[in-house]
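Predicted model, so just to flag it, every value in this text is computed and none were measured.
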Amino acid sequence: FMNKRDIKAVLWDFSEDAIGGLSPDLIIRRVLSYGGIFLIVKAMREYGDDAVRRVFAAMKPTSIPKKKYHYLKNFLFA
């Protein structure tokens with residue numbers, strides 16, 4: 001599952017204390033935007049496939065790099 005180092009990599013602008021109070025949707029959005037595929041898979045295990053897919057579907061395509069968005073939409077979440 002996701003460890004502190006994984007989470008801090010995508011939530012660099014939050015203090016350690018603040019991270020504990022963040023909503024899962026915010027963490028998932030950050031993982032999708034800034035994390036790699038392995039971190040996205042860890043988020044899917046931690047928060048569930050449905051939650052990650054729901055957050056992805058609600059995100060603007062421009063909030064994720066174009067190639068990554070294409071991969072997620074057409075392969076990982078297909």
Side-chain angles (χ1 to χ4, degrees):
F1 290 104
M2 296 172 62
N3 60 42
K4 284 184 180 181
R5 190 178 73 222
D6 292 336
I7 292 174
K8 194 66 180 163
V10 296
L11 297 170
W12 67 88
D13 52 341
F14 288 92
S15 69
E16 300 252 346
D17 295 333
I19 289 173
L22 297 175
S23 74
D25 283 6
L26 174 63
I27 295 171
I28 293 168
R29 269 196 309 276
R30 285 293 190 94
V31 167
L32 289 169
S33 293
Y34 302 113
I37 298 302
F38 291 113
L39 189 54
I40 293 170
V41 170
K42 284 183 177 184
M44 291 172 79
R45 289 185 184 140
E46 178 120 354
Y47 299 107
D49 292 357
D50 291 340
V52 176
R53 288 174 194 267
R54 179 181 46 75
V55 171
F56 176 76
M59 290 177 73
K60 294 180 182 177
T62 55
S63 63
I64 302 173
K66 190 174 183 177
K67 288 181 181 181
K68 184 178 185 181
Y69 183 85
H70 175 77
Y71 173 79
L72 294 175
K73 182 178 179 186
N74 296 304
F75 296 99
L76 192 61
F77 297 139

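When all heavy atoms of Phe77 and Arg53 are compared, the closest pair comes out as O-NH1, 2.8 Å. The two residues Ser63 and Ser33 have their closest heavy-atom pair at O-OG, 3.1 Å. Taking every heavy atom of both residues into account, Ile40 and Leu76 meet most closely at CG2-CD2, 3.8 Å. Shortest non-hydrogen contact noted between Val10 and Gly35 is CG1-N, 3.7 Å.
For Tyr69, the ring-ring contact (aromatic ring centres under 6.0 Å, His included) criterion is met by Phe56, not counting sequence neighbours. Among residues two or more places apart in sequence or in another chain, the side-chain contact (heavy atoms from CB on, under 4.5 Å) test is passed with Asp25 by Ser23, Arg29, Arg54, Val55. Remark: Lys42 engages Asp6 in a salt bridge (Lys or Arg N to Asp or Glu O under 4.0 Å) (not counting sequence neighbours). Remark: Asp50 engages no residue in a side-chain hydrogen bond (donor to acceptor under 3.5 Å, both in side chains) (not counting sequence neighbours).
Listed by first then second residue, pairs satisfying salt bridge (Lys or Arg N to Asp or Glu O under 4.0 Å) with a partner in residues 59-78 number zero, not counting sequence neighbours. Residue pairs satisfying the ring-ring contact (aromatic ring centres under 6.0 Å, His included) criterion with at least one member in residues 6-40, sequence neighbours excluded, are listed as follows: Trp12-Tyr34.
Taken to the nearest 0.5 Å, the NE2 atom of His70 stands 13.5 Å off from the CD1 atom of Ile64. Separating the CE atom in Met2 from the CZ atom in Arg45 is a distance of 12.0 Å, to the nearest 0.5 Å. With rounding to the nearest 0.5 Å, the separation of NZ in Lys8 from CG in Asn3 is 13.5 Å. Taking CD1 of Ile27 as the reference point, atom CG of Leu32 lies at 12.0 Å (rounded to 0.5 Å).
Side-chain contact between Leu22 and Arg30 is absent, with no heavy-atom pair separated by less than 4.5 Å. In this structure, the side chains of Ile7 and Leu39 stay at 4.5 Å or more apart for every pair of heavy atoms.
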